[in-house]
Asks: 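Below you'll find the structure I mean.
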Amino acid sequence: MRNAALRIALPLVLLLAGATSALAEGAEADFKAAYAAAEAANKQAGSLRNQWTTTAATLAAAKKAADAGEFDKATASAREAEALAKASIFQATSEKERWKDMEIR
Amino acid sequence: MKLRSAIHLASAALALALLALAASSVIAADKVDPVADAKAFRKFFTDKFPKVKLEDFVNGPYSMDEGLHKQWEEKEQFPPYEFSLEMGKEMFSKPFKNGKSFEDCFPNKGIGIRQNYPYFDEKEGKVITLELALNRCREANGEPPLSYVRDEMAALTAYMAFTSRGKPFDIKIPNDPRALQAYENGKEYFYTRRGQLNFSCATCHVQSPGERIRAEVLAPALGILNAMPIYRSEWSGMGTTSRRFTTCNSQIRGVPFNPQDDEYRNVEYYLSYVSNGLPISGPGARP
Amino acid sequence: MTTTGNEFPATRRLILQGAGAVALVGLGNLPFLAPVLAAANDKYPEEAFKAKNEADAIKALYGKAAEASDKVKMDAPEIAENGAVVPVAVTTTLADVTSISFLVHENPVVLVASYKIPAGTVPSVANRIKMAKTSNIIVVVEAGGKVYSATKEVKVTVGGCGG
Amino acid sequence: MASTIRVRATSSGETTEVQALIQHPMDSGFVKDAKGETIPPHFIQQLTFEYDGKPVFSADWGGGVSKDPYVKFAFKGGKKGDDLKVSWVDNKGATDTTTAKIQ
């Protein structure tokens, strides 16, 4: 009985352990990808001389969550940072022409 | 949600921009004409605030609000920038290690010349602000540069402004395409929306002067630099033009540039030029 | 970026130098300073500055409660341009004024300043005070052994893209 | 180096109006710095104006008085050219004193 139980339980445990670590690795990889994308977008915003403070703050929050092992939260923050950076790029690009609408003439 | 508010702002701004576009019926004016700009700029403000005398625009929010004006008069009885002014006066003539002083770097020993800055240096092809000139003077004499946003720099410019009070801004654009370009770049910077709040300099200081943003009455862009540097109660201390620009940027959630980067020098050039003729009133005291 | 710092290093330096200067001539200064401060007041009213509400502070200062009087005139803004610097002045037509004090209801320390008015000094004071938030300002005048007050609300709002 | 005290005393013949501005942080002890640490209290506690050997005005201050404090008052008498002595002491025991000429 005991042996049989072990025989079933052990592989199960191994399997589970393997699955969670694979999951964790997947989450970390997701985070890394999301963070890299956000950083790249923010860098582009920087080359357009139009970074937002909120992008930097959200990137920092992502890094902090990742350091604490909370990869889901970190990935969400990184994606938000990327969206912010992209919005700042959009702003910089569209303002290249639109600023003239504001001008006093 | 931060992002959502950004999108809201962006769409609101877009709507505004479309409105503006429709209203101004798209005047095609690609030729840079600083003289016409300055005239239109001044007219915009004098039309918007017919009761404010032209020379009073240099007093910023105090020219727009009676309650504030009274508090200002009380402050000016013994203005909070007095200590800074005194420190600046002392620093200005104090010899560097090599025996020279700031006096040796400026025409007329630095007295009564604030209204000529910034100027366009045709040799270098760039705009030279007073703050930059002060640090260059130090470096030319083997002294380390001062922080552009701290008290010592504010004290020096306070003293230089004080000795120039009442003199009208006299910014020149030499006949050099690079000067015109610097001016135009400054203008673009002034009107370009940035930061997550999607504000340009003009959003606050052209469209809304005299109005309160949260509690503060916004200063009109016309004459805004004439009062620099300023003692702000908000800061409990003095601030240079550099400090004003960088904090404006972070307040609208934009990452500020380094003080005296091209953008800031150019926008100072533009803003000073369109305030030509208005008197230097610095150092100023502001809420 | 260090653009939003509130410090004013010059202040500190000046004060330290002031203190140093006093220390250098220390002995020479003491006989002069001590009698001035002693004659002026003798004692700093610690208790009044610890009071949590204006009634306690007034009691600690004057030993009695204040009554409202329209002979105490306060000049303060409706809206303070900044809570850090609120100009407030008081003047009175009351005779034999011996003291004038300023209190702010919502401040963590309600008593802000208390002035002694010797005979021959005009019963009128202007100063600049801090207010933590919108609050009543209470000015108290001690005259002829009685204590009078006037109250005014001043709105305080801070922040934003101003200046 | 300059004094921490600036005084303007002007005689109108009958009265002398006095304005003073003092350079002092006046930290109340309730404010936090950029790092979130409380700035310890540091404020002037007593300020005295003396004319002709007698105090004409004196202040007891708490941390609720503004940074770089300002005060204005007036006293009867006071001749042009006479001295007005001003001194302060803060909660850390630092002190400064100056003498101004009435104008």
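Naming convention: chains lettered A, B, ... in sequence-line order (proteins, then strands); numbering from 1 in each chain.
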Asks: Check for me whether D/Arg6 meets the cation-pi criterion with B/Phe78, that is, NZ or CZ under 6.0 Å from the six-membered ring centre and within 45 degrees of the ring axis.
Replies: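 No, D/Arg6 and B/Phe78 do not form such a contact.
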
Asks: What is the distance from atom CH2 of B/Trp235 to atom NZ of D/Lys67, rounded to the nearest 0.5 Å?
Replies: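 Reported value, rounded in 0.5 Å steps: 13.0 Å.
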
Asks: Taking only residues two or more places apart in sequence or in another chain, which ones pass salt bridge (Lys or Arg N to Asp or Glu O under 4.0 Å) with B/Asp56?
Replies: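 If we apply the salt bridge (Lys or Arg N to Asp or Glu O under 4.0 Å) test to B/Asp56, skipping adjacent residues, there are no hits.
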
Asks: Around atom CZ of B/Phe162, are there more than 12 heavy atoms of other residues, nucleotides or ligands at under 6.0 Å?
Replies: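 Not more than 12 within 6.0 Å, no.
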
Asks: Which bit of D/Val7 comes within less than 4.5 Å of chain B, counting heavy atoms only: side chain, backbone, both or neither?
Replies: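 For D/Val7, the contact with chain B is made by the backbone alone.
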
Asks: Enter the distance from D/Gln23:CD to B/Glu86:CD here, rounded to the nearest 0.5 Å.
Replies: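 D/Gln23 CD to B/Glu86 CD: 9.0 Å, rounded to 0.5 Å.
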
Asks: The test is salt bridge (Lys or Arg N to Asp or Glu O under 4.0 Å); show your working for D/Lys72 and B/Glu74 and say whether it passes.
Replies: CA-CA 11 Å; D/Lys72 177 167 119 177; B/Glu74 278 157 15; over 6 Å; no

Asks: Using the salt bridge (Lys or Arg N to Asp or Glu O under 4.0 Å) rule, collect all pairs that involve residues 129-142 of chain B, keeping only residues at least two apart or in two chains.
Replies: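 Matches after skipping sequence neighbours: B/Glu124-B/Arg136, B/Arg138-B/Glu143.
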
Asks: If you measure only the distance, is there a donor-acceptor pair under 3.5 Å linking the side chains of B/Gln77 and D/Tyr70?
Replies: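 Present: a donor and an acceptor within the cut-off.
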
Asks: A side-chain contact here means heavy atoms from C-beta on lying under 4.5 Å apart; do D/Leu21 and B/Phe83 qualify?
Replies: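 When only atoms from C-beta onward are counted, B/Phe83 and D/Leu21 do touch, with a gap below 4.5 Å.
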
